[in-house]
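Beneath this line is the structure, given in C-alpha cells, with notes to follow.
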Amino acid sequence: MSTEDTTETSTDTETSCGATTTDTTSEGGSTSNCGASSSSSSGCGSSKKAATDEKVGSTVDDFEADPGRLVAVGLGPGQPDGMTKRARERLLQAEHIVGYTTYVDLLPEEITESAAELYDTPMCGEVSRTEEAIDRALAGHDVAIIGSGDPNVYALAGLALEILESKGATASMVDFEVVPGVPAAQSCGARLGAPLVNDSVSISLSDHLTPMPTIESRLHAAAKEGFTISIYNPWSRKRRENFQKCCEILSEHRDPETPVGIVHGAGRDDEQVEIVELQELEALGETELVDMTTTIIVGNEETYVWDGRMVTPRGYESKYDY
Ligand SMILES: C[S@@+](CC[C@H](N)C(=O)[O-])C[C@H]1O[C@@H](n2cnc3c(N)ncnc32)[C@H](O)[C@@H]1O
C-alpha cells in the first residue's frame with residue numbers, strides 16, 4: 001500500500017492532502033457537493049481541506065437538505081469475487097463512494113461507473129475521509145464509505161458513528177448501515193487451510209492509535225493463553241521494531257517450531273502464501289512477504305502442518321473416533 005497508488009484522471013480535483021474527487025458524470029473538474037466541509041487532520045500529519053470555500057468543522061445545523069444515507073461497506077479481501085452480493089448491491093445504489101485510494105482502485109468498473117462521484121484519499125486520511133462521507137450524507141446524498149475486509153475490524157464503522165455524534169447528528173438520521181465483508185484473518189485463514197478453527201484473537205501491531213505497551217501486553221496474554229493469533233498491520237518501515245518485539249514475545253510463549261501462516265495480498269494480484277516456523281518469522285520482516293498488506297496467523301500449541309495446510313484441531317479427536 002502506498003500513496004503512489006493514487007489514480008487520477010482529467011476530471012480529478014486534488015486537495016491539499018492528496019484527496020481526489022472524481023466526478024464520473026461530468027466533463028469538468030468536480031467540486032464537493034457537501035454543503036459544508038471539514039478540516040480534520042489525520043494522525044499521520046496530513047490534513048484535508050475540501051475542494052470548496054465552505055465552512056470547516058461543520059455540524060448537523062450547517063446542512064439544509066434532508067439527509068441522505070450512509071453505508072459502511074466491507075469489500076472483503078480485494079477482488080470483486082470476494083465481495084458479498086449485498087456489498088455489491090449497496091455500492092451500485094450509492095451516489096457517492098468514499099475510500100482509501102487503494103480500495104477505490106480495487107472497485108469493479110460497473111460500480112465506479114454507476115457512482116456519480118468517487119472521493120479517495122491516500123493512506124492516513126481516515127478521519128478526514130470519514131468526515132467527508134458524513135458531510136456528503138448530511139447534505140442529502142446516498143454515500144458509501146468503503147474499506148477492505150469488514151468495516152468492524154480495525155476499520156471505519158466506529159469512527160463514522162463517533163463523528164456523527166460529534167456533529168450533533170444521529171445514526172438514524174442518515175439511516176446508517178454496516179455491510180459486512182470477509183475480514184483479512186478469515187480470507188487469509190482460508191488460503192492457509194484451517195488455522196482458525198478454535199479460539200483465536202486478532203492483534204494489530206499498529207501503534208498509531210494503540211500504545212505499544214498495550215499491544216505488547218495483549219500479545220503476551222494471547223500467546224500465553226494458547227489462542228491462535230491473527231496479526232494485522234504487521235510491518236512497515238516505521239514499525240520494524242514493533243514486529244521484532246512481537247516475534248520476541250511470541251517466542252517467549254511458543255515453541256520455535258510453531259506453524260505460522262503468512263498471507264500477503266489475499267485475493268489480489270500479488271498474493272503470496274507461506275507456512276513457516278515461528279523461529280523463521282523475524283527474518284521475514286525484511287522481505288516483501290511481510291508488509292502492510294500481510295496478515296500473519298500464528299498457530300497455537302496444537303496447530304500442525306499437514307499436506308501443505310495449517311490445521312488447528314477443534315477438539316473433535318478427543319470425543320470421536322475417526
Ligand atoms: C486497517 S486493517 C483493515 C482490516 C480490514 N478491515 C479487515 O477486516 O480485514 C489493514 C490490515 O488488514 C490486513 N489486510 C487487509 N487486506 C489484506 C489482504 N488482502 N491480505 C492480507 N492481509 C490484509 C493487513 O494486516 C493490513 O495491514
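All ligand and atom numbering here is 1-based and tracks the order in the structure.
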Tyr103 N/O under 3.5 Å from ligand 1 N/O: no

Asn233, any N or O under 3.5 Å of ligand 1 N or O: yes

Backbone or side-chain N or O of Val153 under 3.5 Å from ligand 1 N or O: yes

Side chain, backbone, both or neither: Asn152 near ligand 1, heavy atoms under 4.0 Å: neither

Asp321 CG: over 12 foreign heavy atoms closer than 6.0 Å: no

CD (Glu64) with more than 12 external heavy atoms under 6.0 Å: no

Which residues share a side chain to side chain donor-acceptor pair (under 3.5 Å) with Glu89, sequence neighbours left out: none

Flag for Tyr232-Thr295: side-chain donor and acceptor within less than 3.5 Å: no

Atoms in ligand 1 flagged as close to Ala155, the criterion being non-hydrogen separation under 4.0 Å: 6 (N)

Any N/O pair Tyr154/ligand 1 closer than 3.5 Å: no

Sub-4.0 Å heavy-atom contact, Ser148 with ligand 1: yes

Closest approach of Arg69 to Ala137 (non-hydrogen atoms, all atoms of both residues): O-CB, 3.6 Å

Connected-component partners of Leu281 among ILVMFWY, side-chain separation under 4.5 Å: Val201, Ile203, Leu205, Met212, Ile215, Leu219, Phe227, Ile229, Ile231, Trp235, Phe243, Ile249, Leu250, Val260, Ile262, Val276, Leu278, Leu284, Leu289, Val290, Ile296, Val298

Ala266, any N or O under 3.5 Å of ligand 1 N or O: yes

Proximal atoms of ligand 1 relative to Thr295 (non-hydrogen, under 4.0 Å): 13 (C), 14 (N), 21 (C), 22 (N), 23 (C), 24 (C), 25 (O)

Any N or O of Pro183 closer than 3.5 Å to N or O of ligand 1: no

Name of the residue among Ile134, Asp175, Val174 meeting side-chain contact (heavy atoms from CB on, under 4.5 Å) with Pro67: Val174

Residue pair Glu132, His96: steps toward the side-chain contact (heavy atoms from CB on, under 4.5 Å) verdict: CA-CA 11 Å; Glu132 177 77 23; His96 295 186; over 6 Å; no

Test of proximity, Pro77 against ligand 1: N or O pairs below 3.5 Å: yes

Identity of the nearest option to atom 27 (O) of ligand 1, non-hydrogen atoms only, from Glu271, Met292, Gln79: Met292

Ligand-side contact atoms (ligand 1) for residue partner Arg268, heavy atom cut-off under 4.0 Å: 16 (N), 19 (N)

Region of Cys188 that comes within reach of ligand 1 [heavy atoms, distance under 4.0 Å]: side chain

Atom indices of ligand 1, in the order listed, that fall short of 4.0 Å to a heavy atom of Val263: 21 (C)

Pair Ser204-Asn233, side-chain donor/acceptor within less than 3.5 Å: yes

Donor-acceptor pair between His264 and Asp291 side chains, under 3.5 angstrom: yes

Aromatic ring pairing Tyr320/Tyr316, orientation class (parallel under 30°, perpendicular over 60°, tilted between): tilted

Close N or O approach (Val182, ligand 1; < 3.5 Å): no

Contact with ligand 1 for Gly265, non-hydrogen, under 4.0 angstrom: yes

